[in-house]
Amino acid sequence: MRTVAVVGASLAGLSTARSLRKQGFDGRLVVIGDELHRPYDRPPLSKEFLSGTLGEAELALETEGEDLAAEWLLGARATGLDHTARTVRLADGREVRADGFVIATGAVARTLPGSAGLAGVHTLRTLDDARALRDELARGGRLVVIGGGFIGAEVASTAHTLGLDVTVVEAAPTPLAGPLGAAMGAVVSGLHADHGVRLLCGVGVKGLSGGHRVDAVLLDDGRSIPADIVVVGIGASPCVGWLEGSGIALDNGVKCGADGRTSLAGLVAVGDCANWYDPRAGHHRRVEHWTGARERPDAAVAALLAGGAVEPVVPRPPYFWSDQYGVRIQFAGHAAEADTITVEAGAADDRDVLAVYRRDGRPVAVLGMNQPRLFMRARKQLAATTA
């Protein structure tokens, strides 16, 4: 293999480039990214960067003096893949030919229908998104966050700290019930009420009102919530539309084996766009977490360089964290697999808790709120139990 093209220049793409060099690939390495920015860290965008306590230089993922001997094609959007010709087509008409490909195009924030062109309405996924939202929040006013997931909750927490009047609207009866389960989702989302942030659950959004600029969020039950700024945090969709017609199997992202291999030889996928097979569960999962983008490229690169001749390593249970209202929230595993949840340290009402999720008595997930030491111990035990 003389040339490898990595399509995607965020954390997963950078981690892949590093892993290629670490695993001995010394050929031509091309990294293609649709943003103009060098790889940067996304988790701080909704927290420290948004609040102004972290600058852009501190978001950089590359270390000082790091040189991967790669060709960086930034501001270059991939528009197609020709597997037979072994080329990736770019929006500017260029083509990149390679022997091996890594798909790391990530995901894009979902938008609210009818919100295009309405000033004051934001999503938060990229550095440019965060720049625009930060400038708006600095003016103060009334913020409505649509979606009570982790991005929405983090934005609400940051905006509250900045002194804005904040309302969170969540269509589900309980925020975070998907990733955490209903019981612990209610505990974590209780942080909003603890800090005087309004949380409206079980009601959908009908639309937005305003002329040039948004002035209210219209709810399905007839209520109207005044808004100077709206943040739409209703999830993300994998960026795989450019692969339509390429012959690669797509199913909620790029469908992969347990080592990231796709249905096409010489192609692997990593990061938020990759739907990997989970041998523990017996089905595929698409994991949108920082640690997955950081850790899984090692296995995908090994499979790519060896042509699939290596035994897949079972990935560790997914792990993510969130900082809200001064509370560090950490979670590992899969809440949906649990039939019981037990609080094993602290108290849920105090938002200082370690909870273990079990199925048939076996740990399948763990949640910590302000319990970093106990959580990390429980996470290691979970990984050992599920290996």
Of all heavy-atom pairs between [X] and [Y], which one has the smallest distance, and what is that distance?
X	Y	value
Asp272	Pro238	O-CB, 4.3 Å
Thr16	Pro297	OG1-CB, 3.5 Å
Ala335	Ala365	N-CB, 4.2 Å
Leu90	Ala78	CD2-CA, 4.0 Å
Ala130	Leu50	O-CD1, 3.9 Å
Arg21	Ala69	NH2-O, 2.9 Å

Checking [X] side chain against [Y] main chain: does a donor-acceptor pair fall under 3.5 Å?
X	Y	value
Asp278	His283	no
Asn275	Gly253	no
Thr158	Ser46	yes
Ser157	Ala153	no
Trp276	Gly271	no
Thr53	Glu48	yes
Tyr40	Leu127	yes
His334	Pro317	no
Asp34	Ala76	no
Arg38	Ala60	no

Report whether [X] and [Y] are members of the same hydrophobic cluster (ILVMFWY, side-chain heavy atoms less than 4.5 Å apart, transitive linking).
X	Y	answer
Leu29	Val268	yes
Ile103	Ile32	yes
Val203	Ile234	yes

For [X], look at atom [atom1] and say whether over 12 heavy atoms of other residues, nucleotides or ligands are found less than 6.0 Å away.
X	atom1	answer
Asp339	CG	yes
Asp349	CG	no
Lys206	NZ	no
Arg294	CZ	no

Handout entry: Qualifying residues under side-chain hydrogen bond (donor to acceptor under 3.5 Å, both in side chains), relative to Thr123, sequence neighbours excluded
Key = none
Any salt bridge (Lys or Arg N to Asp or Glu O under 4.0 Å) pairs touching [range], not counting sequence neighbours?
range	result
residues 3-17	none
residues 96-109	Arg97-Asp99
residues 208-220	Glu136-Arg213
residues 77-88	none

Practice task
Check the pair Arg94, Glu71 against salt bridge (Lys or Arg N to Asp or Glu O under 4.0 Å), reporting the backbone distance first and the verdict last.
Solution key: CA-CA 14 Å; Arg94 286 180 292 174; Glu71 299 173 34; over 6 Å; no
Fill in the blank from the handout: With sequence neighbours left out, the residues meeting salt bridge (charged side-chain N to carboxylate O under 4.0 Å, His left out) with Arg358 are Glu344
Practice task
Mind checking salt bridge (charged side-chain N to carboxylate O under 4.0 Å, His left out) for Arg89 and listing every partner two or more places apart, or none if nothing turns up?
Solution key: none
Handout entry: Pairs involving residues 212-247, ordered by first then second residue, that meet ring pair (Phe, Tyr, Trp, His ring centres under 6.0 Å) (sequence neighbours left out)
Key =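 Listed once each, the pairs would be none.
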Problem - Residue pairs involving residues 112-155 (criterion ring pair (Phe, Tyr, Trp, His ring centres under 6.0 Å); sequence neighbours excluded) - result: Phe150-Phe320
Handout entry: SB check Asp360 Arg362 (cutoff 4.0 Å)
Key =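 No, this pair does not count.
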Any side-chain heavy-atom pair of [X] and [Y] under 4.5 Å:
X	Y	value
Ser246	His83	no
Leu208	Ile146	yes
Val96	Thr87	no
Asp128	Arg131	yes
Leu81	Leu267	yes
Gln381	Pro363	no
Leu20	Val6	yes
Leu45	Leu59	yes

Handout entry: Pairs flagged by side chain to side chain donor-acceptor pair (under 3.5 Å) wherever residues 108-118 is involved - sequence neighbours left out
Key = Arg110-Ser237
Practice task
Could you list all the side chain to side chain donor-acceptor pair (under 3.5 Å) pairs where at least one residue sits in residues 179-192, not counting sequence neighbours?
Solution key: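 Only His192-Tyr325 qualify under side chain to side chain donor-acceptor pair (under 3.5 Å).
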Practice task
Any chance you could measure Glu288, atom CD, to Cys273, atom SG, to the nearest 0.5 Å?
Solution key: 10.0 Å
Handout entry: Separation between CG of Asp350 and CE of Met369, rounded to the nearest 0.5 Å
Key =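 It is 10.0 Å, given to the nearest 0.5 Å.
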Practice task
Given side-chain contact (heavy atoms from CB on, under 4.5 Å), test His195 with Val166 step by step and report yes or no.
Solution key: CA-CA 10 Å; His195 293 81; Val166 183; over 6 Å; no
Handout entry: CA sep, side-chain torsions, deciding dist, call: Val121, Leu112, side-chain contact (heavy atoms from CB on, under 4.5 Å)
Key = CA-CA 9 Å; Val121 181; Leu112 196 67; 5.9 Å; no
Exercise for the section: Check the side chains of Gln23 and Ser19 for a donor-acceptor pair under 3.5 angstrom, ignoring hydrogens and angles. Expected result: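 Side-chain D/A pair, Ser19 to Gln23: present.
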Exercise for the section: Show the numbers, then the answer: is there a side-chain contact (heavy atoms from CB on, under 4.5 Å) between Ile329 and Leu191? Expected result: CA-CA 11 Å; Ile329 301 157; Leu191 288 166; 3.9 Å; yes
Practice task
Starting from the C-alpha separation in whole Å, work towards a yes-or-no answer on side-chain contact (heavy atoms from CB on, under 4.5 Å) for His284 and Asp251.
Solution key: CA-CA 9 Å; His284 286 75; Asp251 179 13; 6.0 Å; no
Handout entry: Audit row: Arg42, Glu35, salt bridge (Lys or Arg N to Asp or Glu O under 4.0 Å) steps and yes/no
Key = CA-CA 13 Å; Arg42 294 185 191 273; Glu35 293 186 63; 3.2 Å; yes
With a 3.5 Å cut-off and sequence neighbours excluded, list the donor-acceptor pairs that the side chains of residues 170-184 form with protein atoms.
residue, atom, partner, partner atom, Å
Glu170, OE1, Gly148, N, 2.6
Glu170, OE2, Ala172, N, 2.9

